[in-house]
There are 2 protein chains.
Amino acid sequence: MKTTFGEYIRKLRTDKGLTLTELAALLKLDSANLSKIENGKREFNEKRLDKLATAFELDLNKLKTEYFSDQFAKKMFEFNCSSETLIIAEEKINYLKSINVKQSEIKF
Amino acid sequence: MKTTFGEYIRKLRTDKGLTLTELAALLKLDSANLSKIENGKREFNEKRLDKLATAFELDLNKLKTEYFSDQFAKKMFEFNCSSETLIIAEEKINYLKSINVKQSEIKF
DNA sequence: TTAACTTTGTCAGTAGTCGACAAGTTTAAT
DNA sequence: ATTAAACTTGTCGACTACTGACAAAGTTAA
């Protein structure tokens with residue numbers, strides 16, 4: 001699982017013996033654009049994650065993990081972020097969750 | 001450091017006794033929009049990170065850590081991602097780096 | 001060679017972001 | 001209570017980036 005998201009899709013597709021055109025149809029997108037996605041020249045739109053999950057009978061949560069980790073890695077690579085960024089990110093998620101709880105408490 | 005990026009800016013600003021208008025001028029943006037940023041209703045554009053660093057004499061790397069961790073946390077919170085996402089992200093960064101090294105080797 | 005598959009380039013349409021301004025609200029001092 | 005400064009919120013046009021679509025070129029394997 002250390003591949004990019006594009007490489008990941010490609011593997012899924014070829015393992016199932018599908019052509020770009022066939023998978024593109026399932027995902028409701030152009031085969032040329034799917035090619036670009038697999039080669040990392042376009043982004044896969046997160047709105048299509050559920051379609052991808054159904055196409056390959058995958059767990060959506062695993063897919064989200066694969067997808068968003070890819071997004072984050074690309075950003076951090078591009079901007080040369082320290083690996084501490086991910087640690088702080090985790091802290092912030094908890095902070096956001098706690099805020100959310102508080103807000104719910106106030107609301108109801 | 002468990003705050004959002006907006007709260008982080010606000011703290012920096014108020015600690016220095018600056019008004020929105022004053023800081024906005026330093027960052028070359030509208031005070032109304034800076035208000036939205038501090039309140040999490042608009043994004044802080046990453047292109048302005050260096051201006052922010054100079055305004056508060058901060059280390060740009062620390063600032064990037066703060067900024068991108070915030071971005072990632074928000075995404076993960078919004079899409080309810082598993083915390084495994086961050087672990088996989090770290091693996092992928094190493095993968096990207098190794099690819100990059102290989103490409104450099106080929107190129108030169 | 002030829003047919004299927006894949007890659008690459010381009011472009012118009014569209015969606016989302018950003019700067020700017022106006023109007024409204026809050027805060028603090030008098 | 002009045003005022004002024006600080007802050008918030010809503011809106012809108014301009015700008016930018018993303019997306020779908022198609023054509024054309026390149027690759028692969030029979």
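Throughout, protein chains are lettered first and strands after them, A, B, ... in sequence-line order, and every chain is numbered starting at 1. Just so it is clear, the values below take in all heavy atoms, side chains as well, and ignore hydrogens, waters and symmetry mates.
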(message) Heavy-atom nearest nucleotide on DNA chain C for A:Leu18 versus B:Leu29: which residue maps closer to 5'?
(response) A:Leu18
(request) Record whether the side chain of A:Lys36 comes under 3.5 Å of the base of C:dG9 through a donor-acceptor pair of N or O atoms. (result) yes
(request) Rounded to the nearest angstrom, tell me the gap between atom CG in A:Leu20 and atom C1' in D:dT28. (result) 13 Å
(request) Please name the pair of heavy atoms, one in B:Asn39 and one in B:Arg10, separated by the smallest distance, quoted to 0.1 Å. (result) OD1-NH1, 3.7 Å
(message) Over the length of the helix from C:dT1-D:dA30 to C:dT30-D:dA1, how much do the five-pair end axes diverge, rounded to 10 degrees?
(response) 40°
(message) Between P on D:dT11 and CG on B:Asp30, what's the gap in Å once rounded to a whole number?
(response) 17 Å
(message) Using a 4.0 Å cut-off on heavy atoms, which residues in residues 37-57 of chain B reach DNA chain C? List them by number, or say none.
(response) B:Arg42, B:Asn45, B:Arg48
(message) Please tell me if A:Ser35 has a side-chain N or O lying less than 4.0 Å from either OP1 or OP2 of C:dT6.
(response) no
(request) Output the single nucleotide from D:dT8, C:dT6, D:dA21 whose closest atom is nearest the side chain of B:Arg10. (result) D:dT8
(request) Specify the separation, in whole Å, of atom CG of B:Leu34 and atom C1' of D:dA6. (result) 12 Å
(message) Check whether A:Lys75 reaches the backbone of B:Phe72 with its side chain - one donor and one acceptor, N or O, closer than 3.5 Å.
(response) no
(request) Determine whether more than 12 heavy atoms belonging to other residues, nucleotides or ligands lie under 6.0 Å from atom NZ of B:Lys11. (result) no
(request) Please report, rounded to the nearest Å, how far the P atom of C:dC18 is from the NZ atom of B:Lys28. (result) 18 Å
(request) Decide, yes or no, whether a salt bridge links B:Lys64 with A:Glu84 under the criterion of side-chain N to carboxylate O below 4.0 Å. (result) no
(message) Please pick, from C:dC5, C:dA20, D:dG20, the nucleotide with the shortest atom-to-atom distance to any side-chain atom of B:Asn33.
(response) C:dA20
(request) Round to a whole Å and report the spacing from CG of B:Leu27 to P of C:dC18. (result) 14 Å
(request) Can you see which heavy atom on B:Phe5 is nearest to which on B:Leu63, and at what distance? (result) CE1-O, 4.2 Å
(message) Rounded to the nearest 0.5 Å, what separates atom CG in B:Leu23 from atom NZ in B:Lys16?
(response) 9.5 Å
Would you mind writing out the side-chain donor-acceptor pairs for residues 25-32 of chain A within the sub-3.5 Å range, not counting sequence neighbours?
residue : atom : partner : partner atom : Å
A:Asp30 : OD1  : A:Ala32 : N            : 2.8

(request) Taking only the side-chain nitrogens and oxygens of A:Arg13, find out if one of them lies under 4.0 Å from OP1 or OP2 of C:dC5. (result) no
(message) Between B:Glu43 and B:Arg48, does any side-chain N to carboxylate O distance fall below 4.0 Å?
(response) no
(message) Check whether A:Asn45 reaches the backbone of A:Lys47 with its side chain - one donor and one acceptor, N or O, closer than 3.5 Å.
(response) yes
(message) If I take atom CD in residue B:Glu22 and atom C1' in nucleotide D:dA5, what distance separates them, rounded to the nearest angstrom?
(response) 11 Å
